[in-house]
Amino acid sequence: MSQNRLWGEHGQTLLEAATICLVNVTAVGCEVAKGLVLPGIGSFTIADGSTVKEEDLGNNFFLDSSYLGQSKALACKQLLQELNPDVDGDYVDESVDYILANRPNFFDSFNLVIASNLNEQSLLLLANRLWESNVPFVYCRSLGMLGTIRLQLKEHCVVEAHPDNRQFDLRLEQPFEALREHLETTEVTNKEPWLLVLYKFLKVWQKQQGDGRQSPSNYKEKTQLRETIRAEMKSDEENHEEAIKAVNTAFGAGVVPSSLKAIFDDDACEHLHKKVSVDEEYDENSYSFLTSMLQSDVFWIMAKALKHFVLEENKGQLPLPGVLPDMTANTDSYIALQHIYRQQALLDADQVYHKCQDYLKQLSLPADSIDERTVRLLCREASGLAILRGTRIADEYEKSCRLQPLVEDNELQGTLTAYNFALRAYERFLSECGSIPGECAVEQDIGRLKSIAIKMLNDLGLHVNISDDVLHEICRYGGAELHAVSAFIGGCAAQEVIKIITKQYKPIDNTFIYNAISTESVTLTL
Amino acid sequence: MSAASPSNPTIALQSKRWNGLRNVLEREGLFCKDDFTPSADNLDFLQTKSKVLIIGAGGLGCELLKDLALMGFGDLHVIDMDTIELSNLNRQFLFRRSDINSSKAECAARFINNRVPSCKVTPHFAKIQDFDETFYQQFHIIVCGLDSIVARRWINGMLLSMLRYEDDNSIDVSSIIPMIDGGTEGFKGNARVILPGFTACIECTLDLFPPQINYPLCTIANTPRLPEHCIEYVKLIQWDKENPFGAPLDGDDPQHIGWIYERAQERANQFNISGITYRLVQGVIKHIIPAVASTNAVIAAACALEVFKLATSCYDSMANYLNFNDLDGIYTYTYEAEKSENCLACSNAPQVLNIENPNTTTLEDVIKQLCELPRFQLKSPALTTVMADGKQRTLYMASVKSIEEATRKNLTQSLGELCLQDGQLLTVTDATSPTAMTLQLKYQANEVEMS
């Protein structure tokens, strides 16, 4: 499957091992599920106590008229499962309120829970339960032309960030021993990769400067180095041309970026816990070792070993990723260079691995809790490692200074922020009034929604208004969920789920708001 | 061509099915477009009168069909020339394993017609080039979910060629068929609204398309360093030399891919290169752009919303280009792509090609420029001209074998030798457009030595 070229076999394996729960099978809920069932999520369970109504047929693709009056959970489970015979589907025809009241630990065993279009009370009950059980939660809203996604993650590590422009880590400023030897002893011909050309002239440049600086740091100095290369270049030396182009990006990698420093300084990195659960059905031949990365305690053991390596053994430099860009050269000289980088990367990763083993021993944990392949991946990706610490959804409903930055000049910043609060007022309306704003009487409900919104904002300590226009638009929808808006939000949310499960690519932090009227979106950290 | 009307429009209108849509279309809104009139006619128009064409029934096309059917559209047509493959099933969700080798357009139409009975989809198992303007004229809006730039350019050219002009040279607005175009690649995508003749068209922004990666032949032949170099070598050189199956290379034939995989592996071993996998071979041979279900869903939804806005006038259309990516968080950016003043397709400006020196520039150089310059990016242009004596002359044409043979000798001749004058007009036809382009030669050097 071509998607594997994006998140790799190991990402796919994590996806295929994941079990998720879908609370409320609205159109947007089903669209999220579709985006997970198609690429092959392990299994999904639907929890919904309602029955299929005619209105549902107008926006939910995973229903048809033969299911009218039957359990919606059953219907959607059947039609979603048709998408992919490799995916297990299950359903419970009970409402989230009923499940929380009677079997609250029902949700604890899932890798992730998705819910949509709840009322405020159910949302907060579910969100709190999932926060306590440390289950990642993705909450979607789709109303009229508006949609939002809120992630609630206690702690999430991104191992492979897949940056759009990856900087290659070449270590020309301070070559490791094997590289230095190769660079010093190889004659620079036009058959050699540009790396050797650049090293040669970097040496010249360093001598010219004479101040012990190792690489050009500003535009002027980079131009100097380029000119030095150009002056010595014969007409058609492609590797010299490439060296000139590379001046801008070849230096400065290998240092600890701020996101990694935050991991090193983290309390969890300082104080390792013993609490690592080992997968009982551990299978050498599968990638299940990687599922152990789902245990963040294992992540922290590796982070600590990485920190030790960088600070105590490698003079503050990251383990070498060992990845080279393509460079014009003859095959042998390129392969030789590639080999030198790969070997060093393996050596560095090996040291980190052994440190991991030391820590495991100290903690009396089994040696196979962490394996070499995982450590190599972590080392290769060290510069992009990031840890996200999310916030509780319920915190947004309590008075705190966190929301203050959203207010400027006594107004909410931006229409999208206003819509987000309007949608929250809408959910409180559902809880308090037991009806849908604008379903029957638009004008009357605008007044009720307005007083709810004013009180809500006041209680939060935000002394602002939401414009009547925005509230009118919300009421005009009368609870309408439009399929295309749900498909947009569903597609986005499905990808966020895949990011969380595979630990690849950075998820949003933490609220995404989309307005289909103006085709605008914004991400807020709430 | 006439399409049957939806099976039961009156029942569809009376049912509660569309309660949500009706709120949006029958109630006043403060953010609505100025000329929007809330009324039951809006849904009636979607259900019984509007007619929308979807080009492509692949990843985007499947989503578009679903989205439009559930946004109340009653009469959809879909064109796709492809059949279903196993590798499509992870995102083209209207197809099942039992559909493999069937027409995408027909399967997709059948599925939607069953699932959403208020919508009637008419499939066309054909190429877009199989139809002329009488076919395209019947639609109110055309939506593209294509992975081919050439096809996009062709339909763009078709819609521009269908514009009619008033006496004062302004465009007759009734001849405009809006085109909504979506494209995805991995976690990135874009959606745009094109009003032919009014807003930026595909050719205006041709430089937005990333250039295809082509490895230099000398690297492939002599100094391979990447697994891709080895695969390209087998594809470009060994295949023709050994002709293993007595047939042209077919990227969908597992035997062919298997053969290339083995040879590429041998070559990689020979050069100590690692990383050849079957999947990589398939990706390189078929130029597979990695596709994920979620990006297709997002981009198709954005396109469907624009179709909905245009068809109902409920909100202003997006102006006019949306970029989306969700590699790092979720990012959207909407901006107004500008019309290019000397656009190949939608401006009336003559296309000028500057020639440094007609005595050293060969016809082959001209063709190369037409293929490589960002503003042209033609595929295999055919060139004809009217000579000073008034005679029509074909300078080069690759598509007809006998003409190619007869005109091949012109390629190595200079423009001077071909007696082409400064300011001479060439007529250029290419797969990227249904209509011919006029190209004017402009010489920088003063004198032309006539042979």
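Residue numbers start from 1 in every chain, and the chains themselves are labelled A, B, ... in the order their sequence lines are given, proteins ahead of strands.
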Heavy-atom distances under 4.5 Å only: say whether [X] touches chain B with side chain, backbone, both or neither.
| X | answer |
| --- | --- |
| Ser521(A) | both |
| Asp86(A) | side chain |
| Glu31(A) | side chain |
| Leu63(A) | backbone |
| Phe512(A) | side chain |
| Pro163(A) | neither |
| Gln495(A) | both |
| Asn59(A) | backbone |

Under the 3.5 angstrom rule, does the side chain of [X] hit a backbone N or O of [Y] as a donor-acceptor pair?
| X | Y | value |
| --- | --- | --- |
| Thr331(A) | Phe271(B) | no |
| Arg27(B) | Cys475(A) | yes |
| Arg96(B) | Glu82(A) | yes |
| Lys499(A) | Gly329(B) | yes |
| Arg476(A) | Val24(B) | yes |

Answer with side chain, backbone, both or neither: which region of [X] has an atom nearer than 4.5 Å to a non-hydrogen atom of chain A?
| X | answer |
| --- | --- |
| Cys32(B) | side chain |
| Ser317(B) | neither |
| Tyr333(B) | neither |
| Asn19(B) | side chain |
| Leu94(B) | side chain |
| Leu322(B) | side chain |
| Asn88(B) | neither |
| Thr332(B) | both |
| Ala301(B) | both |
| Ile112(B) | side chain |
| Leu226(B) | side chain |
| Gln92(B) | neither |

Once the angle between the rings of Phe187(B) and Tyr505(A) is folded into 0 to 90°, is it parallel (under 30°), tilted (30 to 60°) or perpendicular (over 60°)?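 Rings of Phe187(B) and Tyr505(A): perpendicular, as their planes differ by over 60°.
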Phe62(A) vs Phe93(B) aromatic rings, parallel, tilted or perpendicular, using cut-offs 30° and 60°?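 Ring orientation, 0 to 90° scale: tilted.
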Choice from Met327(A), Lys191(A), Gln504(A) maximising heavy atom contacts with chain B below 4.5 Å: Met327(A)
If we define contacts as heavy-atom pairs under 4.5 Å, which of Ala516(A), Gly438(A), Cys492(A), Ala329(A) has the most with chain B? Ala329(A)
Nearest 0.5 angstrom please: Ile335(A) CD1 to Ser274(B) OG, how far?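 So the gap between those two atoms works out to 7.0 Å.
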Taking all non-hydrogen atoms of both residues, which atom of Gly58(A) and which atom of Trp18(B) are closest, and how far apart? O-CZ3, 3.3 Å
Between Arg225(B) and Thr328(A), is a side-chain contact (heavy atoms from CB on, under 4.5 Å) present by the stated rule, with each step listed? CA-CA 8 Å; Arg225(B) 298 173 299 272; Thr328(A) 303; 4.3 Å; yes
